[in-house]
Structure formats: C-alpha cells, structure tokens
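Below you'll find the structure, written out as structure tokens, and then a few comments.
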Amino acid sequence: MEFFVSTASPSRQRTDCAIVGVYDKGVLSTAAEELDARIGGRIAKLVKRGDLRGKSGDAVLLADLSGPCERVIVLGLGTRSAFKRKQYRKALASALSVLSKTGARDAVSYLGLDEIADADAYAQARAAVEVVAASQYRIPDHKTTNKRPKPALTKFGLAVGSRGDKNQAERGLTHGQGIVAGMALMRDLANQPANVCTPTYLARAAKNLAKDYKKLNVRVLNEAECKRLGMGSFLSVTEGTEQPAAFIVFEYYGAPRSQAPTVLVGKGVTFDTGGISLKPPAAMDEMKFDMSGAASVFGTMKAVLELQLPINVVGVVPACENMPGGRSTKPGDIVKSMSGQTIEVLNTDAEGRLILCDAITYSRRFKPDVVIDLATLTGACVIALGSHLSGLFSNDDALAAALKAAGERADDRAWHMPIGEEYAEQLKSNFADFANVAGREGGAITAACFLSKFTEGLRWAHLDIAGTAYQSGANKGSTGRPVPLLVDYLINKK
Ligand code: BES
Ligand code: MN
Ligand code: ZN
C-alpha cells in the first residue's frame, strides 16, 4: 500500500474514490460541501431524501459520477462536537469496508479538513494508516478454498488543509507504516498454529528478520547454553515437550553503544497446555497465542528497524512449549532460577513467569535503561480489565506513566495496576524461596509481584496482554497489540 498527503481541494483532486462526511442532522462537512458543487449536489440530495442522516457509522456509496472522482463515499460522522479521533477511526473503517467491495484502486480521505479536537495531522495520518492496514490484513491461513480476494486498493491519500500540516501528516504516515509493518509481523506469527509456530520456527523467523535488516543482530541460545547460564526456571517449563526450546536475542543499535538500551522481553510459549496442571479443553486452541508477547517483540523490532529509530533496543525471547509428559515438571518440584533464587512450582500452568524471570535476569547483561516485559500472563488480568486495556505494572512510576501515555496516544491503552509487599506475601513457600502461584485473588497482581522479585535495581515494567493480544469468537486472531504502544513509547523516548 502506498500512502500520500495531498493539499488539493476535493473539487480538484482526481481519484477513484473520494471520502467525505456529513455530521448529525445532515450538516455537510467542509469537504462534502466543496465536492458537492462539482457533482451536482448529489450529497445534499442524499441528505434531503433521508438516505443519509449523518449518524456515526453510516456509509453510502455514490458511484458512476463524472468529475474529479468516479465514486464518493459519504460517511455519517455523528455530532460535530463529538467527532474525535475515536469517531475518525470508526468512520474511516466504515469507508474501508465499503471501499473493499468496489474496484477502486486509489482513494483520498477528506475527513481531516475539519479540525479534530484530539487528532492533529500527525495523529490522523498515523491512525489512518492503521485503519487501512487493518482492513487489508489477511491471516496467513491454511484454507484451500474460499481464499479472500486481494484488495483492489493500492494507494491511499490523506487531504490536509495547509502546507504545515502536510509535513506533520507525512511524519505520521511514516510512523504509521512502521507500526503496521510491525503489527503485521506480530499477527502473522501469532496466527500460525502451534504445529507450525514452534520455538524453532520463531528462531528461524528471527534469523530471517536479521537477513532483511543489516542493522539487526540475532543470536539464538539452545537448551545446553541456557543450562550453562543457569536458567533452571526457563528450562523447567520445556521438560515435557519434544520440541527444543530456543532463547532468542535481538540487538539493534541506532545510537552509540554507550547509550543504555531498552530491553523488551516477550513470553514465547508457543503452546500452553498447562503442563501437568493441565488446562480444561474449552478454548485451549487459543493457547497458540501464548507467544504473543514474543511476537510483539518481533513486531516492535521490525518497526524500529523500518523507522531506523535513533535508540538502542534489545529483544529477549524465551521460547518453548508447555506440555505434559513423562519428564514434565510436577507440582511441588523446586527449580533454581538464573538469579539463584529457588522456586516451588505449585502449578505448572503458571509457566509464563517461570520463563520470564530468567529472561529478565539475562537482560541485566545489557545494563538496560529499562526492561519491559510483554506477556499473555494471566486469565485474571482478563477478568480485571476485559479485552480493552492491557494491565500495566511497574516498579517505577515515571516509566509506568510514560507507557500509559504512549498507549493513549497510540489508541492501544493500558491501565496502571498496583504491585506491593502485601500481595507478594501470598507467594510464600515452606520449601523454596517462594512459590510460582498465590491463589485466585488478585492473580494478575501476584503474577507481576513474582516477576518483580527478579527486578531488583532495574527500572522495569510488565504488560499483561492476555486480554488484548488476540480476539476470540468470530474474529478470532491476533490484534497486533501492544506493538502500537511500544513503538509510540520508543519514538518518544528521549
Ligand atoms: N497463558 C496463560 C494465561 C492466559 C489465560 C492467557 C487465558 C490468555 C487467556 C498462563 O500461562 C496461565 O495459564 N496462567 C494461569 C495462572 C494461574 C495458574 C495462577 C491462569 O491465568 O489461570
Ligand atoms: Mn499457563
Ligand atoms: Zn501461558
């Protein structure tokens, strides 16, 4: 997809399809007004006949027009004063859905010609790229029939009011394209079934990424190397499977090496059966998405590489399967983490924290500025926040605030949740330094508290993306979150 910014008026710009809006009560937007003069008042007539009321989400296609554009999509935008970034995204998504049923190869949106309170030209452009990319994304499915046709649309333009806005919008398009490239990579990896996307597959995907981008360095540690490093906790999770585990490390230096890197740690459980603490069968297929944290690290690295951000970023991905088997870790087994601390594994289904703790310890060798881990860590987080916001936990309030703000700007929100000694007490064990589970109450918080035991002296944050990284039901699939949040954070990092 090619994106461009235009300062031409809708009455002049040639395009296969112009996209304009009408507010509540049939009030034409500036662009609709201008265009209508060239197409014989068709939009005003539409409103007058009662075919378009301006309700948010409505969309009508006018085809077979003569003039600068062959088609016009007229969108209902709702109340003028309530038309903000959220409504802008929704309106554009309706337009794309109409567009996808036409043969239009290019389109220009004029929705931004009226001011949008919480979206300047930069934010509009970034959001537009995301909406277009979302409408064009295709799951790398394994269907042999009924393949969805390739979209006709290959070029998308955004109209802006002034030259100053043009520069901003172009910057937004660039950043948006980096973000959606990263999201697509994340989604492609996470959508693969677990018999395709194994730890070995992820390791190969990492090496392929390094082939595509010279500035990326990738190293993959095998189980023997992890053992030598003392990663007893990580390795305890992979005991039951035939699939070899892989510990993947990405390094990108966009700034002098002396600048401390941001380390992103992603949970890469390519399938989570629960192990000996076997999960119930319902929806167990969705545990192929248990490597979404890992996939978000891949996606964010890709965005950083596309955008050549002037910072240093390291990605650390412990990848393995969690399976029951003759050699599996059993409830009550005690393992020694790379930090030296011992853990009583009371529930083998609380495996994410067991692999992350060693990855966090490993990340210390990079003398990181911050460590951020991403993980589909707990069902409890989905109970607490649903599927709209990710859970955000940190031992550093400034870092938490920066990530929360990034999530808001990126429309990929997170909610700051507490951690603390009173919760961590629930992890006590009679047999080891602590246990890996702490009962049902506050499950997302106690999981974060477990991780915090490995973050002494680090500026650390944890995003529990169990509810946000993928969708269930009819639209089952990876969402690409939290790539937008992470890339926004990195773009704005000083
Ligand atoms: N991968 C799951 C968490 C999960 C559950 C993600 C549902 C998405 C949807 C994780 O490994 C897990 O099993 N967590 C347990 C922890 C419990 C045993 C303390 C959970 O949430 O039930
Ligand atoms: Mn589990
Ligand atoms: Zn899991």
Side-chain angles (χ1 to χ4, degrees), residues 190 194 197 199 202 233-234 236-241 245 265-296 317-324 328-333 343-359 373-391 393 417 423-424 426-429 434-451 462-473 476-479 481-482:
C197 183
L202 284 179
S233 185
F234 169 46
S236 76
V237 177
T238 199
E239 292 296 342
T241 180
V265 176
K267 173 178 173 182
V269 175
T270 58
F271 197 80
D272 180 14
T273 65
I276 296 301
S277 313
L278 192 62
K279 286 182 181 294
M284 208 210 269
D285 66 290
E286 295 182 0
M287 285 302 115
K288 74 173 186 179
F289 296 118
D290 214 18
M291 37 60 76
S292 294
S296 76
V317 171
C320 66
E321 260 187 354
N322 186 22
M323 294 283 279
S328 286
T329 298
K330 303 163 291 296
D333 285 1
I343 304 159
E344 186 186 12
V345 181
L346 287 178
N347 188 323
T348 64
D349 197 12
E351 84 297 342
R353 60 198 80 181
L354 294 176
I355 75 172
L356 290 170
C357 67
D358 280 347
D373 78 74
L374 308 314
T376 47
L377 201 64
T378 66
C381 191
V382 192
I383 301 301
L385 296 173
S387 57
H388 303 292
L389 276 72
S390 303
F393 305 80
M417 304 271 283
Y423 291 97
Q426 293 172 234
L427 290 163
K428 67 179 186 308
S429 159
F434 38 84
N436 75 328
V437 288
R440 269 161 52 81
E441 281 184 20
I445 301 169
T446 52
C449 288
F450 177 95
L451 295 177
H462 155 61
L463 283 171
D464 193 331
I465 56 172
T468 53
Y470 65 93
Q471 275 187 288
S472 308
K476 193 187 286 183
S478 174
T479 59
R481 296 176 65 185

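Counting starts at 1 for both ligands and their atoms, in listed order.
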Do the side chain of [X] and the main chain of [Y] share a donor and acceptor less than 3.5 angstrom apart?
| X | Y | value |
| --- | --- | --- |
| T446 | G443 | yes |
| S429 | A435 | no |
| T348 | G274 | yes |
| T479 | T468 | yes |
| S233 | I355 | no |
| T241 | N322 | no |

Quick one: look at [X] and ligand 1, take heavy-atom pairs under 4.0 Å, and tell me if it's side chain, backbone, both or neither.
| X | value |
| --- | --- |
| V382 | neither |
| M284 | neither |
| Y470 | side chain |
| R353 | side chain |
| K279 | side chain |
| D349 | both |

Check ion pair K267-D373 (N to O, under 4.0 angstrom): no
Three-point angle D272:OD2, the Mn ion (ligand 2), D349:O, rounded to the nearest 10°: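 With the Mn ion (ligand 2) as the vertex, the angle is close to 170°.
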Any protein heavy atom < 4.0 Å from atom 22 (O) of ligand 1: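 Flag for atom 22 (O) of ligand 1 set to false, no protein heavy atom closer than 4.0 Å.
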Nearest-neighbour protein heavy atom for atom 7 (C) of ligand 1, which is reported as residue plus atom name and distance: M287 CE, 3.8 Å
Residue, atom name and distance, where the atom is the protein heavy atom closest to atom 19 (C) of ligand 1: V437 CG1, 3.5 Å
For the Mn ion (ligand 2), the closest N/O/S atom belonging to E351: OE1
Minimum-distance pair of heavy atoms, taken over all atoms of R481 and I465: O-CD1, 4.5 Å
Where A190 and K288 come nearest, the two heavy atoms and their spacing: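 Closest approach of A190 to K288, heavy atoms only: O-CE, 4.0 Å.
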Min N/O separation T378 to ligand 1 under 3.5 Å: no
Geometric N/O contact D272 with ligand 1, under 3.5 angstrom: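 It does: an N or O of D272 is found under 3.5 Å from an N or O of ligand 1.
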Nearest-option assignment for atom 4 (C) of ligand 1, heavy atoms, candidates G379, S277, S472, G443: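 Shortest heavy-atom distance from atom 4 (C) of ligand 1: G379.
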Within-4.5 Å side-chain heavy-atom neighbours: D464 and M417: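 Result no, sub-4.5 Å side-chain heavy-atom pair not found.
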L356 vs L377 side-chain heavy atoms within contact, under 4.5 Å: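 Yes, close enough: below the 4.5 Å cut-off.
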Mutual orientation of the aromatic rings belonging to F434 and F450 [parallel < 30°, tilted 30-60°, perpendicular > 60°]: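 The rings of F434 and F450 stand perpendicular, inter-plane angle above 60°.
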F271, CZ atom: more than 12 neighbouring heavy atoms under 6.0 Å: yes
Sub-2.8 Å protein N, O or S atoms surrounding the Zn ion (ligand 3): K267 NZ, D272 OD2, D290 OD2, E351 OE2
